[in-house]
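Structure first, commentary second.
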Number of protein chains: 2
Amino acid sequence: MATEQTAARVTRRRVRTRARLLDAAFTVFAAKGFGRVSIEEVCEAAGFSRGAFYSNFATLDELFFALYQERADLIAEQVADALALDGPVLDVPASVARVTEVLLLDVDWLLVKTDFLVHAARRPAVAQALLDHRARLRGAIADRLPRAAGHTLPAALGDADGAAHAVVAAYDGVTTQLLLDRDVEAARAWLGHLLTALLTDGSTTPHES
Amino acid sequence: MATEQTAARVTRRRVRTRARLLDAAFTVFAAKGFGRVSIEEVCEAAGFSRGAFYSNFATLDELFFALYQERADLIAEQVADALALDGPVLDVPASVARVTEVLLLDVDWLLVKTDFLVHAARRPAVAQALLDHRARLRGAIADRLPRAAGHTLPAALGDADGAAHAVVAAYDGVTTQLLLDRDVEAARAWLGHLLTALLTDGSTTPHES
DNA sequence: TCCATCGGATACGTGAATGTATCGGATACG
DNA sequence: CGTATCCGATACATTCACGTATCCGATGGA
C-alpha cells in the first residue's frame, strides 16, 4: 500500500514499543493462554499502560495475529535454511536432524502456536492466512525433497508435495504429545523416527537412539 | 469411593440436568471456544439459570473435564470396537478405514478436543489425565496390531507400542490440518494414506483415491 | 532554541461475569 | 397425604476488563 515515505512517520520509539508489546504478549500468552489474557496484562508485562496498546493495535486479536506471523515467518525461514545447507544433493538423515532441531526448539512457542490454531479454526479469514503460511512451508520442503540422494521417496504419499504434507502432519502430531509430556528430547527422537519412516522406504532403517 | 447407597441420593432429575448442561456446554464450546464462554452462556443454552450450574459443578474447568472424559471414553470404546471387529487376524486396510471413520467423524469434537489440549497443556494434573487416556487408547491399538496378517509391522517404529504411538501422531497431525480447511473427506483420505504408509512396509502400495 | 506533532499515560464511565445468599417449588419417603 | 430434603431460580454486591476522552511530555524538524 503506502511506502514508508508517504505513510505516517514511524518513529524509532514506536517500533520499539511495538516490539516490546509483542514480546510481552508472547510471554503472557505462553504462560496463561490467549483466552485468559487481558489487554492490561500484556501492557503491564511490557511496562506500558493501556494507552500504548490502543495506539499500536485495535484489538488483542490483531496483536495475536501480528505476533504469530512474525515468529512463524522466522521459523519458516530457519527451516528453509536448514534444508538448504546441503549442496545440490540432500542428505536426508542430516536434514531431518537439523529440521527436527529447529521445529521443536521451544515449548512456549508450541503453546502459543496451538492457541493460535484453535483461534484460527473459528475465524475463516485467519484460518486462510494460516493455511497459506502452511502451504508456503510445505512448498519450501517439497522444493528440496526431490533432491534426496538415491532415495525414491517411495511411500504411498504420492509426489513431493504429498511427502511435504506428511512431514508437516508428523510435526503436528509430535507437537501434540510434546505439549502434554514436555519431553523435548523424546519428541525430537520421535519426530526423527517418523520422518525417516515416512521419507525412506522400508528397507532403510535408522540408527537406534 | 462411595457406592450409590451411601452417597447422597442422585435423583433422576439431577442426572438429566447434568447431562443437559454437558450437552449445552459442548455446543457452546464448539462454537466459541472454551476461553470465550461464560458460565451463564452454558446455562442459557441448557435452559437453566446459574443456580443449576453451581449446584452441579464448582467451576467451568470442572465441567470441561467431565465433558472431555465422557466423550473421549466413548470414542476410545468405539475405536476398540472398530479394531475388534475382525476375527483373530487383523485386516489392516479394513481396520484403517473403520478407525479413520470413527476418529474423524465430527469437526466440532475436534475443536473441543483441541481446546482441551491447550487447556491441559498448562495444568499438569489435567495433562496427566489426558496422557493416561492417550496411553489407554494406544494400548488398545497396540494390543491389536500384532495380529496383522502377514505384515511385519516393519517400519523404523520399533515394537507395537511404537506403531501405536505413530498411529496417534498421524491422527493428531491430520486433525490439525482438518481444523483449518474443514475438509473431512480429504482428512480421512490423508489419514488412511499416512496410516498405511506407516503400518505397511514400502513394498505395499495402497490403491489410489 | 522554539514549536508542532505524535506517542503514551491517566481518568472515567460502562457493561459483563462471578460467587453467594436466600427463596420457592418439586420430589421421594414415611 | 404430609413433610423434610433437595434442587434450581432469583436477587445482590463485587470485581474486572474494556474503550474513550483528555492530557502531558517527548521527539524531530525549522
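Below, chains carry the letters A, B, ... as their sequence lines are ordered, and counting in each starts from 1.
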*Assign A:Ser49 to base, sugar-phosphate, or nothing according to its heavy-atom contacts below 4.0 angstrom with the strands shown.*
base
*Spacing of A:Phe48 atom CZ relative to C:dT10 atom P, expressed in whole Å*: 12 Å
*Consider the side chain of A:Ala52, meaning its heavy atoms from C-beta on, and name the nucleotide among D:dG8, C:dT18, C:dA9 that approaches it most closely.*
C:dA9
*Does CD belonging to B:Gln128 count more than 12 external heavy atoms closer than 6.0 Å?*
yes
_Could you tell me the Watson-Crick or G-U partner of D:dC1, where both distances fall under 3.5 Å? Say none if there is no partner._
C:dG30
*C:dA11 pairs with which nucleotide, Watson-Crick or G-U wobble, both distances below 3.5 Å?*
D:dT20
_Tell me whether the side-chain N/O atoms of A:Thr17 come closer than 4.0 Å to OP1 or OP2 in C:dG8._
yes
*When the ring planes of B:His193 and B:Trp190 are compared, do they come out parallel, tilted or perpendicular, using 30° and 60° as the limits?*
perpendicular
*Integer-rounded Å distance: D:dA17 C1' and A:Glu44 CD*: 13 Å
_For atom CZ of B:Arg36 and atom C1' of C:dA16, their distance in whole Å_ = 14 Å
*Report, as yes or no, whether the 6.0 Å neighbourhood of atom CD on B:Glu44 holds more than 12 heavy atoms from other residues, nucleotides or ligands.*
no
*Round to the nearest Å and state the distance from A:Glu40 atom CD to D:dG19 atom P.*
12 Å
_B:Arg12 CZ - D:dC6 P separation (whole Å)_ = 17 Å
*Rounded to whole angstrom units, what separation is found between the CG atom of A:Asn56 and the P atom of D:dG19?*
15 Å
*From the options C:dA9, C:dT20, C:dT27, select the nucleotide whose nearest atom is closest to the side chain of B:Arg13.*
C:dT27
*B:Phe57 has an atom CZ; how far is it from atom P of C:dT18, in whole Å?*
15 Å
*Is the shortest side-chain N/O distance from B:Ser38 to OP1 or OP2 of C:dA16 below 4.0 Å?*
no
_Whole angstrom value for the distance that separates P of D:dC18 from CG of A:Leu60_ = 7 Å
*Could you go through the side chain to side chain contact (heavy atoms under 4.5 Å, CB included) check for B:Asp106 and B:Arg71 one step at a time?*
CA-CA 12 Å; B:Asp106 181 10; B:Arg71 305 245 172 178; 5.5 Å; no
*Look at the side chain of A:Tyr54 and decide which nucleotide, out of C:dA28, C:dA9, D:dC18, has an atom nearest to it.*
D:dC18
*Considering only side-chain heavy atoms of A:Arg50, which listed nucleotide, D:dC18, C:dG7, C:dT18, is closest?*
D:dC18
*Hey, which of these two, B:Ser55 or A:Val37, hits DNA chain D nearer its 5' end, going by closest nucleotide?*
B:Ser55
*Taking a pair as Watson-Crick or G-U wobble with both distances under 3.5 Å, which nucleotide is matched to D:dG28?*
C:dC3
*Looking at C:dT10, C:dA17, D:dG8, which one has an atom nearest to any side-chain atom of B:Arg14?*
D:dG8
*Member of B:Leu110, B:Thr175, B:Ile75 meeting the side chain to side chain contact (heavy atoms under 4.5 Å, CB included) criterion with B:Leu103*: B:Ile75
